[in-house]
Amino acid sequence: MDQNLAGDLAELPALLDAVRESATELLTGLAARPVARPAKEGGPEPLPEQGSGLRAALALFRERWEPQFSASAGPRYFGFVTGGATPAAVAGDWLTATLDQNAMSGEDSSAAELERRTVEWIGQLFGLTGHTGAFVSGATMSNFVGLAMAREWLGEQLGVSVAQAGVGALGPVPVLSGTPHSSIVKSLSMLGIGRDSLKYVPTRPGREAVDVRRLAEALDALDGHPAIVVANAGTVNTVDFDDLRAIAALRQRYPFWLHVDGAFGAFAALDPEHAELVDGLAEADSVCVDLHKWLNVPYDAAVQFSKHRELQLRVFLNSAAYLSAPTGTPDFGHLVPENSRRLRALPAWFSLTAYGRDGHRDIVRRNIACANRLGELLTADGLLRLAAPVRLNVVCFTLADRPTPERIAALTASIAGSGETFVTPTVYEGMPALRAAFSNWRTTADDVDRAAAAITAAARALG
Ligand SMILES: Cc1ncc(COP(=O)(O)O)c(C=O)c1O
């Protein structure tokens, strides 16, 4: 055995203690850490030919890299839609690596069974009890799997198996959506359906939610040709919601597969005051729910839900003599793109076991309250204004005076440079703007006040 490996094995308990101490220091110091650290580009570094052992590697990481990492897991990081990781989720993630199970099949371990139970719990959070599901790496992959099944279904309507004959055997694939996330467009490219197949359906006036009447017209114009409809439950800029029930009802008149991207918006289901936003979610053929956003588990975790297991099997079947046959309850390797799979469910299992539906509902409700508070504070002195009402957990705002791309870029950089908070730029209805997204379990009203002060100061300094 390599000397360093042998040394680490002999010293394992003490080394793990050292790693735990580092993690403790990081986790307890998160709130005090500068929130953003824009990356400095460095040159290549020589590959270590002889290693130096875990203790030295840990010391080097803490000196060389860790100080340059952001506090994205902390309470005042509002960029993108970035969840943190609950204590139980961190523990689950540590043990995922420790046990290093392959959650592909049940031949040697109950890891896949734990994943099935966890998927059922997550389904119950969102009222998706008629669906089956599997863990994937993120919402992009969840959308990809949903659209892959949609493609197969569409082929079936036309008498073609895309899984067998390839996408070339399929004619045009009409995909209709109001304000889809960019990962939908990327998935269409990856699936050979093509980005140009997406037809943007007009949205309701001043909204990102699709105009259902215009959607019906677009379906009508297809003259009976099957289509894919992507409904959005929580748009990334303004967290607008399509009317899922009304869209689902259109299936009585038109043949289409309904995929819902509820990456983070689906969590509205946890809050009785906002649950109606996702009314009708269970009607969807496939649903995307991201967990590394609002469930507060570490990257990479999302679930894809489907009502069409047979079709899913057709697409993702991984047939080999040395692997299980897809009979009974099929192994996950037959249902998703990956064959060998990390046990991504364990952090979610830990967090749901530790905090339950109530604990996670509390996170969602507090985050929504924080978003509303930030919206009020930012607009108090007239320097900034909301670009859209705060509907759930995102504040989309802009400069009241001259919101040019240059001024918004300068404001973004200045906020990041403050170390107090981090928000990301966007363009909403052609207007440069900023978004502050709340999805971290740690965020308090005090954090909101500190962030508001930093953002307002940066806006004031801009003049
Ligand atoms: C609505 C929506 N869908 C999909 C995604 C893609 O998520 P991921 O980065 O986990 O792939 C996001 C990310 O913000 C999102 O907001």
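One-based numbering, in listed order, for ligands and for the atoms of each.
For the pair R366 (side chain) and T443 (backbone), a donor-acceptor distance under 3.5 Å is present.
Ring geometry for F61 versus F69: interplanar angle over 60°, hence perpendicular rather than tilted (30 to 60°).
Residues that satisfy the side-chain contact (heavy atoms from CB on, under 4.5 Å) test with F80, not counting sequence neighbours, are Y77, T82, F422, T424. The side chain to side chain donor-acceptor pair (under 3.5 Å) test applied to N372 returns no partner, not counting sequence neighbours. Remark: S137 engages no residue in a side chain to side chain donor-acceptor pair (under 3.5 Å) (not counting sequence neighbours).
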For ligand 1, run through the N/O pairs with the protein that fall under 3.5 Å and put one pair on each line.
residue: ligand 1; atom: 3 (N); partner: D261; partner atom: OD1; Å: 3.2
residue: ligand 1; atom: 3 (N); partner: D261; partner atom: OD2; Å: 2.8
residue: ligand 1; atom: 7 (O); partner: K293; partner atom: NZ; Å: 2.9
residue: ligand 1; atom: 10 (O); partner: A139; partner atom: N; Å: 3.1
residue: ligand 1; atom: 10 (O); partner: D290; partner atom: OD2; Å: 2.8
residue: ligand 1; atom: 10 (O); partner: H292; partner atom: NE2; Å: 2.8
residue: ligand 1; atom: 10 (O); partner: K293; partner atom: NZ; Å: 3.2
residue: ligand 1; atom: 11 (O); partner: A139; partner atom: N; Å: 3.4
residue: ligand 1; atom: 11 (O); partner: T140; partner atom: N; Å: 2.8
residue: ligand 1; atom: 11 (O); partner: T140; partner atom: OG1; Å: 2.5

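Figure legend: R341 and F332 shown as a cation-pi pair, the cationic atom lying under 6.0 angstrom from the six-membered ring centre and within 45 degrees of its axis.
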